[in-house]
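What follows is a single structure, written as structure tokens, with notes after it.
These numbers were taken from a predicted model, which means no experiment stands behind them.
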Amino acid sequence: QTQLVESGGGLVQPGGSLRLSCAKPGFTLRYFAVGWFRQAPGKEREGVSCITNGGTSTHYADSVKGRFFLSRDNAEDTVYLQMNSLEPEDTAVYFCARLPRPYARCTETESDYTDWGQGTQVTVSS
């Protein structure tokens, strides 16, 4: 089973921005909703946001509303998580995963998702 691949993480100062990407090599991701999750050190993984195949996004973490934005390029089968005004509390490993059924609505439930990536580290620190 091919996993999704996240990229774009790194070290950024507070107030900075990063854009994460999520793709699945050799797979047509455009028909599937994609969710982003994160896990901070010592904490459980939490749902951040999700975008449907049609591009409707939902944010599950109140802390990211107004700062994080989802988009997707279906021609490139890639989903993007634009993260602005980053705070130290955003430091975590960020994961993407997809819903297994095409055209499904987003959910916040981790167990609904499949093809989890290995994650990309985001560190916000001065």
Are the side chain of N84 and the backbone N or O of S17 linked by a donor-acceptor pair below 3.5 Å? no
S63 OG to E46 CD distance, which is reported to the nearest 0.5 Å: 6.0 Å
Look at the side chain of H59 and the backbone N and O of F68, then say whether any donor-acceptor pair between them is shorter than 3.5 Å. yes
Hey, does the side chain of E6 reach the backbone of C96 with a donor-acceptor pair shorter than 3.5 angstrom? yes
For P14 and S126 the tightest heavy-atom approach is CD-N, 3.7 Å
Rounded at 0.5 Å granularity, tell me how far OG1 in T123 sits from CG in D90. 11.0 Å
Closest heavy-atom pair, V34 versus Y113, reported as atoms and distance to 0.1 Å, is C-CE2, 4.4 Å
Close side-chain approach of V79 to L4, heavy-atom, < 4.5 Å: no
Say whether, by atom type as modelled, one donor and one acceptor occur between the side chain of T120 and the main chain of Y94 under 3.5 angstrom. no
Approximate separation, where rounding is to 0.5 Å, of R45 CZ and R38 CZ: 13.5 Å
Assess whether atom OH of Y31 is packed by more than 12 heavy atoms of other residues, nucleotides or ligands within 6.0 Å. no
Taking all non-hydrogen atoms of both residues, which atom of R67 and which atom of S85 are closest, and how far apart? NH1-O, 2.9 Å
Are F69 and V12 grouped together when hydrophobic residues (ILVMFWY) are joined by side-chain heavy atoms under 4.5 angstrom apart? no
In terms of the angle between their ring planes, are F37 and W116 parallel, tilted or perpendicular, with boundaries placed at 30° and 60°? tilted
Starting from L29, can I reach F95 by hopping between I/L/V/M/F/W/Y residues whose side chains sit under 4.5 Å apart? no
Check whether L70 and M83 end up in the same hydrophobic cluster, where Ile, Leu, Val, Met, Phe, Trp and Tyr are linked by side-chain heavy atoms less than 4.5 Å apart. yes
When rounded to the nearest 0.5 angstrom, what distance separates NZ in K24 from CD in Q3? 9.5 Å
Give me the atom names and distance for the closest heavy-atom approach of Y60 to C106. OH-CB, 3.2 Å
Is any side-chain heavy atom of L81 closer than 4.5 Å to one of C22? no
How close do W36 and S21 get, heavy atom to heavy atom, and via which atoms? CH2-O, 3.6 Å
Under 4.5 Å between side-chain heavy atoms, hopping through other hydrophobics if needed: is there a path connecting V64 to V122? yes
Does D77 use its side chain to pair, donor to acceptor, with the backbone of T28 at less than 3.5 Å? no
State, to 0.1 Å, how close T91 and A40 come at their nearest heavy-atom pair, and which atoms those are. O-CB, 3.5 Å
Output yes when a side-chain donor or acceptor of T109 lies under 3.5 Å from a complementary backbone atom of T107, and no otherwise. no
Consider only side-chain heavy atoms of I, L, V, M, F, W and Y, link residues closer than 4.5 Å, and tell whether V48 and V124 are in one cluster. yes
With a sphere of 6.0 Å drawn around NZ of K43, does it hold more than 12 non-hydrogen atoms of other residues, nucleotides or ligands? no
Separation between CZ of R101 and OG1 of T114, rounded to the nearest 0.5 Å: 13.0 Å
When you measure from the side chain of N74 to the backbone N and O of N53, does any donor-acceptor pair fall under 3.5 Å? yes
Taken to the nearest 0.5 Å, the spacing of R98 CZ from C50 SG works out to 12.5 Å
Is a donor on one side and an acceptor on the other found under 3.5 Å between the side chain of R72 and the backbone of T52? yes
